[in-house]
K.L.:
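First the structure, then my questions, so here it is.
Residues: numbered from 1 along the sequence shown.
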Amino acid sequence: MTFRLARMAVAAVLASVLTAASANAAAPSAFVYATSWAQTARQYVADDAGLLSPLTPPEVGTGLTSTAAAATPDRRRLYVVNQGSSSISQFDIGLDGTLTPKAPDSVAAGATPVAIAVAPDGRHAYVVNQGDRTVGTYDVDGAGALTLASSAATGAGAVQIALSPDGSSAYVTNFDDATVSQYDVSAGGVLTPKQPATVAAGSRPAGIAVSPDGASAYVANQLPSGIITQFSVDASSGDLAPKAQPVATGSQPRGIVAAAGRVYATNISSNTVTQYAADGSGALSELAPAVAAPRSPFGLALAPDGKSLYVAGFGDATIGQYDVAADGSLALKADPAPANFRPQAVVAVKPRDETAPTIDLVTPADGAEYEKDAAVAVDYTCADEGPSGLRSCTGDLPDGDPLDTSTLGSHDFTVVARDGEGNETTVTHSYTVTEPPPPPPAPDPDLSFQGFVGPIHQGSVVSAGDAIPIVFSLGGDRGLDVLAAGSPSSVQTDCDHPGAPTGGDPAASKYDRGLIFHSWTGHYVFMWQTRKSWAGTCRTFVLGLRGGDVARLTVSFRSSWRWHH
């Protein structure tokens, strides 16, 4: 099927495709960047279905004849190689995907730079300079700026570079020498040729890719036959060795990308993308027939979620868009997205999530107090509004479990929430377990109040300022430790409606003698020392017993010295 017919086949589907504005509003699955020979880099947002629409602005300035691009693993920087101006443009990637030039906006490269790769740890970048047959190692500082640190020789016509997944080996295709240069990578990023320094790679090797497990490498041989050469990668040394017969591809294969169990390659002259399955040993076989591509397809990139494939249409100035099925096979997603003049490379970057999860820790509340062995259920929830979603919400105990109140003292309860990006939030509440109050004492049957029995009775009129005897019986001698705490006391009351008051002022005794027991009468006596200032009022004498009984006696005060009964 030609690419034009393929476009017509999906016309009905495209009628329901979101507009650019609505696509920008959807949760993005990727940000996509394409190089251009028009001194610009094109920038797109991919919606949740992987469909591209331009960001605002749709492009940013670069150097001359941009041919390659790579992002740092933390997705904060993008570098664009400018073949015509022998420079590397360096950009910051915003949270919305837009590119902002760094200061300075570019650094010098060697002669005719054509390819770039960034180390898995993000500390170094490697630029292939075709014109002077070198690959330069650049240090990446904390702000993402590049500084040339060292260089190593390549073969003639160096085209592409690939790194092993662990960053310990680097491989460069040499188009004119029909070889791949292979290097050991030091901890400081320095490239040292392996032994041997090169391996035969078939005629005109161009694109190169290493499988995600690091066990296989694949080289697209652009001319004249159109094949993919397959290599095994030694697990200890990283050396390449042919491992199977080459597989056929389209005419002039150029770009190649490897994913788990599959490989895709662009074919410049046949305007197709070929697709392969990789078996357990990494050997390739046709996964499905080739699909039509934009004219003269060069670079290609898989979306971070693996559900979309994007292809730089060098001849059409477009970016092809494909859905990737669960088995890895490709299907046209939509019309190619407009790009700028002569795109050669395309990069797909996962959006960053810098929004930390939130935690609502209800129980235990911070600073709460609970009685020992109280039944209290743990209560907390976590949420995440960032694009990566909530990955875990873990407390010292699962939500709903009983809180530990078995031990007296201070305790901490912690909840940790993490999202898919690794952002983490921790909330800790402190609570205290206290001893429960003692139960109220049971009434003492030996302290049963048997009434006021002295000369002062309910309603007596007494002289203010006198010491008056309050006499009562408990049925015998119960000792002097019979009064409740704070007893006896007195409180001013309504003479006609005294009620049943409690508390009040402590009742003073004459000479501070307190409570007395008269053995000859069998009665208790408290000589209540009144005050002259109480004249003209009524007060209730409140007698509280240790066993819980409370007795009250209300009297009236006057200035006369006589008692009235």
K.L.:
Could you verify whether a donor N or O on one side chain and an acceptor N or O on the other, from Asp47 and Ser53, lie under 3.5 Å apart?
P.N.:
no

K.L.:
If we check side chain to side chain contact (heavy atoms under 4.5 Å, CB included) with Val118, which of these qualifies: Leu163, Leu78, Asp74, Thr72?
P.N.:
Thr72

K.L.:
Where is the tightest heavy-atom contact between Leu52 and Ala46, given as atom of each residue plus distance?
P.N.:
CD2-CB, 3.8 Å

K.L.:
Does a side-chain N-to-carboxylate-O contact under 4.0 Å join Lys372 and Glu435?
P.N.:
no

K.L.:
Evaluate Thr363 against Val376 for side chain to side chain contact (heavy atoms under 4.5 Å, CB included), listing each step before the verdict.
P.N.:
CA-CA 8 Å; Thr363 305; Val376 181; 3.4 Å; yes

K.L.:
Using a 3.5 Å distance criterion without hydrogens, assess whether the side chain of Tyr183 forms a donor-acceptor pair with backbone atoms of Val190.
P.N.:
no

K.L.:
Quick check: does any side chain N or O of Gln43 sit under 3.5 Å from a backbone N or O of Leu99, one acting as donor and the other as acceptor?
P.N.:
yes

K.L.:
Contact between Cys382 and Val415 at the side-chain level, heavy atoms closer than 4.5 Å - yes or no?
P.N.:
yes

K.L.:
Does Gly544 offer a backbone N or O that forms a donor-acceptor pair with the side chain of Ser487 under 3.5 Å?
P.N.:
yes

K.L.:
Looking at Arg531 and Asp505, does any basic side-chain N land under 4.0 Å from a carboxylate oxygen?
P.N.:
no

K.L.:
If you draw a 6.0 Å radius around NZ in Lys307, do more than 12 non-hydrogen atoms from other residues or ligands fall strictly inside?
P.N.:
no

K.L.:
For Ala149, does its backbone N or O pair with a side-chain atom of Thr137 as donor and acceptor, under 3.5 Å?
P.N.:
no

K.L.:
Between Asn82 and Ser66, does a side chain to side chain contact (heavy atoms under 4.5 Å, CB included) hold up when you go through it step by step?
P.N.:
CA-CA 4 Å; Asn82 306 304; Ser66 300; 2.7 Å; yes

K.L.:
Atom CG of Leu403 and atom CZ of Phe413: how far apart are they, to the nearest 0.5 Å?
P.N.:
7.0 Å

K.L.:
Please test Asp384 against Asn423 for side chain to side chain contact (heavy atoms under 4.5 Å, CB included), starting from the C-alpha separation and ending with a verdict.
P.N.:
CA-CA 10 Å; Asp384 184 65; Asn423 297 309; over 6 Å; no

K.L.:
I need the Leu515 CG to Leu543 CG distance, nearest 0.5 Å.
P.N.:
8.0 Å

K.L.:
Using modelled atom types and a 3.5 Å cut-off, is there a donor and acceptor pairing between side-chain atoms of Tyr264 and backbone atoms of Gly328?
P.N.:
yes

K.L.:
Return the CG to CG distance between Asp396 and Asp404, rounded to the nearest 0.5 Å.
P.N.:
10.0 Å

K.L.:
Kindly give the heavy-atom pair with the smallest separation between Val491 and Gly503, and that separation in Å.
P.N.:
CB-O, 4.4 Å

K.L.:
Spell out, as yes or no, whether a donor-acceptor pair under 3.5 Å connects the side chain of Tyr310 to the backbone of Tyr33.
P.N.:
no

K.L.:
May I ask you to decide if Thr405's main-chain N or O and Tyr431's side chain share a donor-acceptor pair within less than 3.5 Å?
P.N.:
no

K.L.:
What distance separates Ile359 CD1 from Glu424 CD, expressed to the nearest 0.5 Å?
P.N.:
8.5 Å

K.L.:
Is the backbone of Pro506 close enough, under 3.5 Å, to the side chain of Ser489 for a donor and an acceptor to pair up by distance?
P.N.:
no

K.L.:
Indicate the ring-plane relationship of Phe472 and Phe449, choosing parallel, tilted or perpendicular according to the 30° and 60° boundaries.
P.N.:
tilted

K.L.:
Examine distances only and state if a side-chain atom of Ser169 and a backbone atom of Ser164 form a donor-acceptor pair shorter than 3.5 Å.
P.N.:
no

K.L.:
Looking only at heavy atoms, what is the nearest atom pair of Tyr380 and Thr394, with distance?
P.N.:
OH-C, 4.2 Å

K.L.:
Do Arg75 and Glu421 have side chains that approach each other closer than 4.5 Å (heavy atoms only, starting at C-beta)?
P.N.:
yes

K.L.:
With a 4.5 Å heavy-atom cut-off, do Val433 and Leu408 have their side chains touching?
P.N.:
yes

K.L.:
Is it the case that over 12 heavy atoms from other parts of the model lie below 6.0 angstrom from the CD atom of Gln450?
P.N.:
yes

K.L.:
Using modelled atom types only, decide if a donor and an acceptor are shared between the side chain of Arg42 and the backbone of Ser36 within a distance under 3.5 Å.
P.N.:
no

K.L.:
Looking at OH of Tyr524 and CG of Leu483, how far apart are the two atoms once the value is rounded to the nearest 0.5 Å?
P.N.:
9.0 Å

K.L.:
Looking at Asp139 and Arg123, does any basic side-chain N land under 4.0 Å from a carboxylate oxygen?
P.N.:
no

K.L.:
Evaluate the side-chain proximity of Val210 to Pro165: yes if any heavy-atom separation is below 4.5 Å, no if none is.
P.N.:
yes

K.L.:
Taking all atoms of both residues into account, what is the closest heavy-atom pair of Ser216 and Ser281, and its distance?
P.N.:
OG-O, 3.7 Å

K.L.:
Arg262 and Ala325: which non-hydrogen atoms are nearest, and at how many Å?
P.N.:
NH1-O, 4.1 Å

K.L.:
Starting from the C-alpha separation in whole Å, work towards a yes-or-no answer on side-chain hydrogen bond (donor to acceptor under 3.5 Å, both in side chains) for Thr192 and Asp184.
P.N.:
CA-CA 5 Å; Thr192 303; Asp184 290 320; over 6 Å; no

K.L.:
Less than 4.5 Å apart, any side-chain heavy atom of Pro364 and any of Leu361?
P.N.:
yes

K.L.:
For residues Lys333 and Ala49, report the shortest heavy-atom separation together with the two atoms involved.
P.N.:
NZ-O, 2.7 Å

K.L.:
For a 4.5 angstrom cut-off between non-hydrogen side-chain atoms, does Phe541 reach Val555?
P.N.:
no

K.L.:
I need the Thr554 OG1 to Gln458 CD distance, nearest 0.5 Å.
P.N.:
4.5 Å

K.L.:
Would you sort out whether Leu553 and Thr540 count as a side chain to side chain contact (heavy atoms under 4.5 Å, CB included), showing the intermediate values?
P.N.:
CA-CA 5 Å; Leu553 186 65; Thr540 297; over 6 Å; no

K.L.:
Could you tell me if the side chain of Val81 sits less than 4.5 Å from the side chain of Tyr79, heavy atoms only?
P.N.:
no

K.L.:
With heavy-atom distances below 4.5 Å as the criterion, would you say the side chains of Ser430 and Asp412 are in contact?
P.N.:
yes

